[in-house]
Student: 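Here it is: the structure, laid out below.
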Amino acid sequence: MKKSSIETSVGIFVLIGILCVGYLTIKLGKMELLGDNYYSVYADFNSATGLKGGANIEMAGVKIGQVEDIILLPNIKIARVKLKIEKRINLSVDVMASVKTAGLLGDRYLSLTPGGSDELLEEGDSIEETESALDIEDLISKYIFSGDSK
């Protein structure tokens with residue numbers, strides 16, 4: 001009888017430990033099980049070089065979402081980026097999306113510049129004003145090859 005009581009206590013302790021590890025995994029991994037606190041909008045870029053899924057989306061230096069997916073639209077040859085934005089953030093229809101680099105050689109992220117319109121973007125809408133990343137390699141090669149022609 002006493003042995004059974006100890007085994008039950010150990011079983012309950014292990015079960016509580018597994019529940020705690022599961023809770024921490026969900027909270028620290030920012031996984032969403034019930035509901036979604038984000039909405040999706042799209043932005044089309046001539047070049048999304050260096051931008052990856054999971055990259056941060058910032059407005060005024062504050063993270064407000066992340067890049068969910070990047071695909072190539074084969075018929076018009078541009079990159080379509082799916083943005084996952086926090087629901088508490090309302091974006092106007094004239095918001096501008098720019099691909100930026102954190103530091104000189106850092107990771108790429110999307111920066112959103114707010115617009116002044118009263119109309120708001122809704123789930124599935126597209127951001128019309130976009131700015132692709134500055135390609136440093138392209139600039140360096142232009143500088144080098146322009147020096148040869150003199």
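When reading the values below, keep in mind they use all heavy atoms of this one structure, side chains included, and skip hydrogens, waters and symmetry mates. Keep in mind the model is a prediction, meaning the values are calculated, not measured.
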Student: Does one hydrophobic cluster hold both Ile64 and Met96, with members joined at side-chain heavy-atom distances below 4.5 Å?
Tutor: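 The answer is no; the residues belong to distinct hydrophobic clusters.
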Student: Between the side chain of Arg108 and the main-chain N/O of Thr49, is any donor-acceptor distance below 3.5 Å?
Tutor: yes
Student: Are the side chains of Leu51 and Leu110 in contact, using a 4.5 Å heavy-atom criterion?
Tutor: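 Touching, per the 4.5 Å side-chain cut-off.
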Student: Look at atom CD of Glu123 and say whether more than 12 heavy atoms of other residues, nucleotides or ligands are closer to it than 6.0 Å.
Tutor: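 Atom CD in Glu123 is crowded, with more than 12 foreign heavy atoms closer than 6.0 Å.
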Student: Can you spot which of Ile71, Ile70, Asp69 makes a side-chain contact (heavy atoms from CB on, under 4.5 Å) with Lys82?
Tutor: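 That would be Asp69; it is the only one of Ile71, Ile70, Asp69 passing the side-chain contact (heavy atoms from CB on, under 4.5 Å) with Lys82.
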Student: Please report the closest heavy-atom contact between Glu86 and Lys63, naming both atoms and the distance.
Tutor: OE2-O, 3.9 Å
Student: Do you reckon Val10 sits in the same ILVMFWY cluster as Ile18, going by side-chain contacts under 4.5 Å, direct or chained?
Tutor: yes
Student: Calculate, to the nearest 0.5 Å, the distance between atoms CG and CD1 belonging to Asp44 and Ile127 respectively.
Tutor: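 Reported to 0.5 Å precision, the distance equals 10.0 Å.
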Student: Go through it in stages, so that I can follow the logic: the residues are Ser92 and Glu119, the test is side-chain contact (heavy atoms from CB on, under 4.5 Å), and I'd like the CA-CA distance, side-chain angles, deciding distance and then a yes or no.
Tutor: CA-CA 6 Å; Ser92 60; Glu119 290 184 59; over 6 Å; no
Student: Roughly how far, to the nearest 0.5 Å, is CG of Leu112 from OG of Ser98?
Tutor: 8.0 Å
Student: Could you tell me whether the side chain of Asp94 and the main chain of Gly116 form a donor-acceptor pair under 3.5 Å?
Tutor: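 Yes, the answer is positive, given that a donor and an acceptor are paired below the 3.5 Å cut-off.
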Student: To the nearest 0.5 Å, what is the distance between CG on Asn46 and NZ on Lys77?
Tutor: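 One finds 13.5 Å between CG of Asn46 and NZ of Lys77.
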Student: If you count the non-hydrogen atoms of other residues, nucleotides and ligands that lie under 6.0 Å from CD in Glu122, is the total more than 12?
Tutor: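 No, because the 6.0 Å sphere around CD of Glu122 holds 12 heavy atoms or fewer from other groups.
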Student: At what distance, to the nearest 0.5 angstrom, does OG of Ser132 lie from CZ of Phe45?
Tutor: 6.5 Å
Student: For the SG atom of Cys20 and the CG atom of Leu15, what is their distance to the nearest 0.5 Å?
Tutor: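 Going from the SG atom of Cys20 to the CG atom of Leu15 covers 9.5 Å.
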Student: Keeping the roles fixed (side chain from Tyr38, backbone from Leu83), state whether a donor-acceptor pair exists under 3.5 Å.
Tutor: no
Student: Decide whether Leu121 and Val67 are clustered together by the hydrophobic rule: side chain heavy atoms of Ile, Leu, Val, Met, Phe, Trp, Tyr closer than 4.5 Å, transitively.
Tutor: yes
Student: I would like to know whether Met59 and Leu91 meet side-chain contact (heavy atoms from CB on, under 4.5 Å); could you show each step before the answer?
Tutor: CA-CA 10 Å; Met59 180 177 276; Leu91 298 176; 3.5 Å; yes
Student: Of all the heavy-atom pairs spanning Lys87 and Tyr39, show the shortest one and how long it is.
Tutor: CA-CD2, 3.8 Å
Student: When you group the ILVMFWY residues by side-chain heavy-atom contacts below 4.5 Å and let the links chain together, are Val81 and Val93 in the same group?
Tutor: yes
Student: Could you walk me through whether Leu24 and Val21 pass the side-chain contact (heavy atoms from CB on, under 4.5 Å) test, one step at a time?
Tutor: CA-CA 5 Å; Leu24 288 174; Val21 169; 5.9 Å; no
Student: Examine Val99 and Tyr109 and state if one hydrophobic cluster contains both, with Ile, Leu, Val, Met, Phe, Trp and Tyr joined whenever side-chain heavy atoms are less than 4.5 Å apart.
Tutor: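 Not linked; separate clusters.
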